[in-house]
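Side chains are part of it too, since the values below use all heavy atoms of this structure and drop only hydrogens, waters and symmetry mates.
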Amino acid sequence: MIEYFYSAHSAYAYLGAWELQRIADDAGWRIDHRPIDLNPVIDATSGDAFGSRSPAHEDYFFGRDMFRWAEVRDLPMIRHRPTYHDNALALPNGMIIAAGPDADALSRTILQIHWRDDANIADEPTLRRAADSLGLDGAALIEAAQSDPVQAQHTTNTREAIQRSVFGSPTYFVRGDMFYGQDRLDLVARAIAKPFAP
């Protein structure tokens with residue numbers, strides 16, 4: 001099982017989502033989706049909060065580097081900061097949690113409509129249509145996403161990410177070994193095949 005901590009609006013989770021699925025499928029492993037509220041995780045563990053980074057850092061990491069990876073992964077990507085990027089994540093993250101065994105496909109779809117279509121992933125009709133497009137019951141998933149058990153799991157995921165020193169999205173754990181960033185997916189594949197020395 002690959003433990004996968006990320007947020008539903010994460011650019012780098014989007015860029016790595018299909019490669020992560022390929023790696024898991026090739027290995028016969030399952031992806032354990034652990035959506036998190038990203039800002040508290042960053043505030044607690046990295047001290048490098050969004051908005052405090054230099055313009056040069058922003059231009060590179062959230063510009064040039066993203067677009068190169070989009071080209072490498074052959075994924076369409078808007079060339080600007082998503083219009084609704086600062087909206088709350090409880091609903092889209094909750095939908096992924098509520099999707100259970102369908103989380104793989106729903107997660108990729110939510111990430112894609114945010115970064116390809118500039119969609120508002122905090123909007124109920126938008127999320128319902130995304131789920132319906134996969135043959136899922138979007139209305140039921142919206143309701144489940146807002147339920148107390150699912151939102152409690154969202155809080156638990158966020159707290160666990162902080163406890164385990166996650167400092168960004170996406171972060172993967174293989175047998176407890178942490179890998180941060182979709183550019184570490186080659187290392188994730190290697191760790192599945194052969195664990196790294198401690």
Side-chain angles (χ1 to χ4, degrees), residues 1-38 41 65-78 82 89 91-119 121 126-138 141 144-145 150 153-154 157-158 160-161 164 166-196:
M1 178 180 69
I2 302 168
E3 294 177 276
Y4 177 30
F5 289 85
Y6 66 106
S7 68
H9 76 335
S10 167
Y12 285 94
Y14 168 56
L15 292 168
W18 281 262
E19 181 65 6
L20 173 63
Q21 190 68 57
R22 184 195 66 77
I23 289 168
D25 289 346
D26 285 353
W29 279 40
R30 180 174 66 84
I31 300 169
D32 180 21
H33 291 262
R34 306 293 297 279
I36 58 174
D37 190 359
L38 186 58
V41 170
D65 196 50
M66 284 193 335
F67 302 138
R68 286 191 299 219
W69 275 109
E71 189 173 329
V72 167
R73 301 285 192 216
D74 194 26
L75 291 172
M77 189 174 210
I78 58 175
L89 294 170
L91 183 59
N93 282 347
M95 277 192 76
I96 295 167
I97 294 167
D102 297 309
D104 292 336
L106 183 61
S107 169
R108 290 194 303 272
T109 297
I110 291 172
L111 288 163
Q112 186 166 66
I113 64 172
H114 187 62
W115 283 102
R116 182 191 66 191
D117 306 333
D118 199 18
I121 60 170
T126 298
L127 287 173
R128 186 173 60 250
R129 287 191 298 271
D132 289 346
S133 74
L134 298 170
L136 305 176
D137 186 339
L141 282 171
V150 167
Q153 184 62 55
H154 187 224
N157 291 350
T158 302
E160 183 176 343
R164 295 174 72 176
V166 169
F167 53 86
S169 171
T171 296
Y172 318 96
F173 285 88
V174 177
R175 301 186 185 93
D177 202 3
M178 186 173 84
F179 301 86
Y180 166 61
Q182 68 87 32
D183 53 342
R184 301 299 192 272
L185 282 169
D186 285 350
L187 298 181
V188 168
R190 154 63 205 272
I192 290 170
K194 179 182 178 183
F196 287 93

Check your understanding: Are the charged groups of Arg22 and Asp26 less than 4.0 angstrom apart, N to O?
Key -> yes

Check your understanding: Are Arg73 and Trp18 side-chain neighbours, meaning at least one heavy-atom pair lies under 4.5 Å?
Key -> no

Review point. Is the centre of the Phe179 ring less than 6.0 Å from the centre of the Phe173 ring?
Key: no

Review point. So which heavy atom on Ala161 is nearest to which on Ile36, and how close?
Key: CB-CG2, 4.0 Å

Check your understanding: When you look at His154 and Val150, which way does the side chain to side chain contact (heavy atoms under 4.5 Å, CB included) test go after all the steps?
Key -> CA-CA 6 Å; His154 187 224; Val150 167; 5.8 Å; no

Exercise for review: Any chance you could measure Arg30, atom CZ, to Asp25, atom CG, to the nearest 0.5 Å?
Suggested key: 13.0 Å

**Study point:** Spatial distance of atom CG (Asn93) from atom OG1 (Thr158) [nearest 0.5 Å]
**Key:** 7.5 Å

Practice item. Determine the minimum heavy-atom distance between Gly168 and Thr171, stating which atoms define it. Key: O-OG1, 2.7 Å

Study note, to complete from the structure: Correct closest heavy-atom pair for His33 and Ala103 would be CD2-CB, 3.6 Å

Review point. Any side-chain heavy atom of Val166 sitting closer than 4.5 Å to one from Tyr180?
Key: no

Check your understanding: Would Leu141 and Leu127 satisfy side chain to side chain contact (heavy atoms under 4.5 Å, CB included), going step by step from the backbone distance to the final call?
Key -> CA-CA 9 Å; Leu141 282 171; Leu127 287 173; over 6 Å; no

Check your understanding: So is Arg34 actually on top of Tyr6's ring, under 6.0 Å and inside 45° of the axis?
Key -> no

Exercise for review: Test side chain to side chain contact (heavy atoms under 4.5 Å, CB included) on Glu160 and Phe5 and set out the steps.
Suggested key: CA-CA 10 Å; Glu160 183 176 343; Phe5 289 85; 4.0 Å; yes

**Study point:** Between CG on residue Leu134 and CG on residue Asp104, distance to nearest 0.5 Å
**Key:** 11.0 Å

Practice item. Output yes when Asp65 and Arg68 qualify as a salt bridge under the 4.0 Å nitrogen-oxygen rule, no when they do not. Key: yes

Study note, to complete from the structure: For His9 and Trp115, the nearest pair of non-hydrogen atoms, with its separation, is O-NE1, 3.0 Å

Revision key, fill the gap. d(Leu185 CG, Glu19 CD) to nearest 0.5 Å is 6.0 Å

Exercise for review: Using atom types as modelled and distance alone, determine if a side-chain donor or acceptor of Asn157 lies under 3.5 Å from a backbone N or O of Pro35.
Suggested key: yes

Check your understanding: Backbone N or O of Ala191 within a donor-acceptor pair of the Arg175 side chain at under 3.5 Å?
Key -> yes

Point to revise | Closest non-hydrogen atom pair, Leu111 against Ala8 | key: CD2-O, 3.4 Å

Check your understanding: Can you tell me how far the CD1 atom of Ile31 sits from the CD atom of Glu3, to the nearest 0.5 Å?
Key -> 12.5 Å

Point to revise | Thr126 side-chain N/O to Ile121 backbone N/O, donor-acceptor pair under 3.5 Å | key: no

Point to revise | Contact summary for Thr109 and Ala130, nearest pair of heavy atoms | key: CG2-CB, 3.9 Å

Point to revise | Worked verdict on Ile78 versus Arg116 for side chain to side chain contact (heavy atoms under 4.5 Å, CB included) | key: CA-CA 5 Å; Ile78 58 175; Arg116 182 191 66 191; 5.8 Å; no

Check your understanding: Checking Ser10 side chain against Ser169 main chain: does a donor-acceptor pair fall under 3.5 Å?
Key -> yes

Check your understanding: With a 4.5 Å heavy-atom cut-off, do Tyr14 and His114 have their side chains touching?
Key -> no

Practice item. Could you check if a side-chain atom of Ile113 sits within less than 4.5 angstrom of a side-chain atom of Asp118, using non-hydrogen atoms only? Key: no

Check your understanding: Out of curiosity, Ile23 CD1 to Tyr172 OH, how far, rounded to the nearest 0.5 Å?
Key -> 8.0 Å

